Amino acid sequence: MPTLQKKNAAFLFLFLLLLVSCDPKRVFEENKAIPDRIWRDADKLVFQVDVNDTGIPYNIYLMIRNGTDYPYSNLYLFLKTTLPDGKISRDTIECMLADYDGRWLGSGIGSVKFNKFQFKKGILFSQKGRYLFEFDQAMRVNALQGITDMGLRIDR
């Protein structure tokens, strides 16, 4: 690669990194790739979030990327949340990835679609400390194909 192209690529990377890191509302954001686009029922995606301010409301989002070869119109997830004091809560979440006519929802060009789902709005964390958010796919198949990655975002 010629030197000018390397410099342009490095500049673009740094610009995008700066752009992404300048979101004052974001408290936490992490994405995890699904190996080989196969989410096995025994595989868990775990996100560790440190909460320091219990006096402000937060919004929690799931970001999901799926291939257009994903065989379903929705994705069910089990969420186990472990609070700093060790108490556990459980939720079941449904994310609609396609409409009733089979058209993919979300954005993206080509064979990968991106969706951002808000599943908690204006919540107050009850305790300061580390929260664990543990996700399992709940689609009743041992090897769910077509989900490329999933992320968790928390903002004010």
Side-chain angles (χ1 to χ4, degrees), residues 1 5-6 8-51 56-83 88-125 130-156:
M1 185 184 288
Q5 285 181 331
K6 286 182 182 178
N8 286 341
F11 176 75
L12 180 62
F13 174 76
L14 289 174
F15 176 75
L16 291 174
L17 183 64
L18 180 65
L19 186 65
V20 170
S21 64
C22 289
D23 186 350
K25 289 184 168 185
R26 181 181 53 217
V27 174
F28 176 86
E29 185 170 350
E30 184 179 356
N31 293 290
K32 298 196 178 214
I34 307 293
D36 300 320
R37 298 170 45 143
I38 300 173
W39 193 350
R40 303 196 186 288
D41 60 351
D43 296 340
K44 297 174 185 336
L45 297 178
V46 180
F47 300 90
Q48 296 182 14
V49 180
D50 291 320
V51 174
I56 60 171
Y58 294 93
N59 300 314
I60 302 178
Y61 302 89
L62 292 178
M63 285 101 51
I64 298 172
R65 282 191 179 84
N66 65 284
T68 55
D69 60 339
Y70 181 71
Y72 306 101
S73 63
N74 62 352
L75 172 65
Y76 278 100
L77 301 166
F78 293 136
L79 168 60
K80 174 181 153 186
T81 305
T82 305
L83 283 64
I88 293 173
S89 70
R90 298 182 190 277
D91 288 307
T92 302
I93 302 166
E94 180 184 19
C95 301
M96 295 304 298
L97 303 176
D99 66 15
Y100 290 108
D101 294 325
R103 289 185 297 254
W104 293 109
L105 303 173
S107 61
I109 299 172
S111 63
V112 177
K113 300 299 176 189
F114 170 77
N115 285 279
K116 181 177 177 181
F117 301 98
Q118 182 177 28
F119 77 97
K120 298 280 185 182
K121 181 178 180 179
I123 68 156
L124 294 171
F125 287 103
R130 178 161 288 167
Y131 287 75
L132 296 179
F133 296 91
E134 186 176 308
F135 293 90
D136 295 297
Q137 63 94 347
M139 294 297 291
R140 297 183 185 170
V141 294
N142 293 334
L144 180 63
Q145 297 192 16
I147 301 296
T148 62
D149 57 273
M150 191 183 102
L152 181 71
R153 177 184 168 110
I154 300 175
D155 66 25
R156 301 171 218 246

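Computed from a prediction, not measured in an experiment: that's the story for all the values here.
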Less than 4.5 Å apart, side chain to side chain, heavy atoms only: is that true for W39 and M150? yes
Side chains of L152 and E30: does their closest heavy-atom pair fall under 4.5 Å? no
Nearest atoms (heavy-atom pairs only) where [X] meets [Y]:
X: L97; Y: Y70; result: CD1-CE2, 3.6 Å
X: L105; Y: K113; result: O-CB, 3.9 Å
X: F28; Y: Q48; result: CE1-O, 3.3 Å
X: C95; Y: I64; result: SG-CD1, 3.7 Å
X: K32; Y: V46; result: NZ-O, 2.7 Å
X: R37; Y: G67; result: NH2-CA, 3.5 Å

Could you walk me through whether M96 and E94 satisfy the side-chain contact (heavy atoms from CB on, under 4.5 Å) test, starting with their C-alpha distance in whole Å, then the side-chain angles of each, then the deciding distance to 0.1 Å, before giving a yes or no? CA-CA 6 Å; M96 295 304 298; E94 180 184 19; 3.3 Å; yes
Out of curiosity, [X] [atom1] to [Y] [atom2], how far, rounded to the nearest 0.5 Å?
X: R65; Y: I34; atom1: CZ; atom2: CD1; value: 12.0 Å
X: L62; Y: F119; atom1: CG; atom2: CZ; value: 4.5 Å
X: Q118; Y: I60; atom1: CD; atom2: CD1; value: 9.5 Å
X: I56; Y: I123; atom1: CD1; atom2: CD1; value: 11.0 Å
X: L45; Y: Q137; atom1: CG; atom2: CD; value: 10.0 Å
X: K120; Y: I93; atom1: NZ; atom2: CD1; value: 7.5 Å

Checking D101 now: which residues fulfil salt bridge (charged side-chain N to carboxylate O under 4.0 Å, His left out) with it, not counting sequence neighbours? R103
Here's a test for you: under salt bridge (charged side-chain N to carboxylate O under 4.0 Å, His left out), which of R90, K80, K44 qualifies with D136? K44
What do you reckon, is CG of D69 surrounded by more than 12 foreign heavy atoms closer than 6.0 Å?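 Atom CG in D69 is crowded, with more than 12 foreign heavy atoms closer than 6.0 Å.
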Check whether more than 12 heavy atoms from other residues, nucleotides or ligands sit under 6.0 Å from atom OH of Y131, and answer yes or no. yes
Under 6.0 Å between ring centres, would you say that holds for F135 and F133? no
side-chain contact (heavy atoms from CB on, under 4.5 Å) for M63 and F114? Distances and angles first, verdict last. CA-CA 7 Å; M63 285 101 51; F114 170 77; 3.5 Å; yes
Which of these, N115, L75, V112, sits in a side chain to side chain contact (heavy atoms under 4.5 Å, CB included) with N66?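 Of the listed options, the one satisfying the test is N115.
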Determine, stepwise, if the pair V51 / I154 fulfils side-chain contact (heavy atoms from CB on, under 4.5 Å). CA-CA 10 Å; V51 174; I154 300 175; 6.0 Å; no
Do NZ/NE/NH1/NH2 and the carboxylate oxygens of D155 and R26 come within less than 4.0 Å?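 Looking at R26 together with D155, the answer is no, because their closest N to O distance does not fall below 4.0 Å.
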